[in-house]
Colleague: 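So that we are looking at the same thing, I have put the structure below in structure tokens.
Ligands are counted one by one from 1 in listed order, and the atoms in each one are counted from 1 as well.
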Amino acid sequence: MRIAFLGLGHMGLPMANNLRTAGHEVVGFDVFAGARDGARDSGLPVAETGVDAATGADVVITMFQTGAQVIDAYRGVEGGRGLLDAAAPGTLFIDSSTIAVDDARAAHALAEAAGHRSIDAPVSGGVVGAENATLAFMVGGADADFEAAKPLLEAMGRRVVHCGGAGLGQAAKVCNNMILAVSQIAVAEAFVLGERLGLEHHALFDVVSNASGQCWALTTNCPVPGPVPTSPANRDYQPGFAGALMDKDLGLAEKAVALTGVEARMGMLAREIYRDFAAGEGARRDFSGVITDIRDASASAD
Ligand code: NAD
């Protein structure tokens, strides 16, 4: 199986190398020279252009930042050839970038019109998951295309879920991250309220982690130091999952909410809170660091 892997950033490079470890022939490419150098240093063969990488590939995987980057690369920009044109008909396109549902559907439609197969396959699990091949993949696309992609996704991850047709992998991702944002804020507010009421962090943690308020934002990503020694709060909120990434994902949630007309007041309030958080130092801090903003705002209200 010859695989073109485009986008060799924080996530893409370790994912590409895991495919190589699984025995596939992988050729990488990134528009950023530094990423190409890093890939070569890691032993990954790197093509001169994305089009060169896609030519003769059985599978083309993209791991970019935005939907516009995916669509531009598929189509080609400024009269240049795109990946869809370079690849042989019937090539399987896998986009693992986190992008808007409607952008993912547009990418599927472009691939289909060019005679290719495609799936959207965003991930959760972060850089550690990419390095250790323990990512979770959420997949949208036709059954046969999902089945064709599954062994490759399993070489890069631990859990692969077929969520439905085109764009529904991105839909699952955006729904999950909207829940995560709301619950991380709720847990942070509860700890600050507990502090004001005289509750020790450990006491609140021991109760809630065994009660109906239990959630990942508390038991894995606890926003105060102490109760969960591995949570980012214990290392001054070094990410983890940076505020800038949560802000980006909530922008995708906002787009989906606007597109569907859903009444998502909590989700959209979380979107505003994380937009403010990521406008400052929070962009580079773990998103559980939002507790600091909540505490500061509460102190000034005294
Ligand atoms: P990154 O910025 O480190 O890497 C993206 C790479 O794509 C960059 O090196 C960029 O130069 C390259 N690129 C853009 N357009 C290109 C093109 N046309 N051809 C070739 N290369 C191109 O980003 P990342 O952290 O690896 O994240 C990638 C995606 O995964 C994002 O959509 C992100 O939201 C998502 N994601 C990231 C994490 C995380 O923890 N970093 C977790 C889950 C999901």
Colleague: Using a 3.5 Å cut-off and no angle test, enumerate the donor-acceptor pairs between side-chain atoms of residues 44-62 and protein atoms at least two apart in sequence or in another chain.
Modeller:
unit_1, atom_1, unit_2, atom_2, d
T49, OG1, V51, N, 3.4
T49, OG1, D52, N, 2.9
T49, OG1, D52, OD1, 3.4
T49, OG1, D52, OD2, 3.4
T55, OG1, V51, O, 2.7
D58, OD2, R2, N, 2.7
T62, OG1, D95, OD1, 2.8

Colleague: So, S231 versus N234: side-chain donor-acceptor pair below 3.5 Å or not?
Modeller: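 Yes, side-chain donor-acceptor contact under 3.5 Å.
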Colleague: Using side-chain heavy atoms (C-beta onward) and a distance below 4.5 Å, is D103 in contact with V70?
Modeller: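 No, every pair of side-chain atoms sits at 4.5 Å or beyond.
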Colleague: Taking side chain to side chain contact (heavy atoms under 4.5 Å, CB included) as the definition, give me every residue that meets it alongside V208, ordered by chain and number, with sequence neighbours left out.
Modeller: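 With neighbours one apart ignored, the set is L204, L218.
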Colleague: Side-chain donor-acceptor pairs under 3.5 Å in residues 187-194, sequence neighbours left out?
Modeller:
none

Colleague: Can you pull the residues with any heavy atom under 4.0 Å from ligand 1?
Modeller: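 Ligand 1 is contacted, at a heavy-atom distance under 4.0 Å, by G7, G9, H10, M11, F29, D30, V31, F32, M63, F64, Q65, Q69, A73, S97, T98, V123, G126, V127, K173, L245, K248.
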Colleague: Check whether any side-chain heavy atom of Q184 lies under 4.5 Å from a side-chain heavy atom of P223, and answer yes or no.
Modeller: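 Side chain of Q184 against side chain of P223, heavy atoms only: contact under 4.5 Å found.
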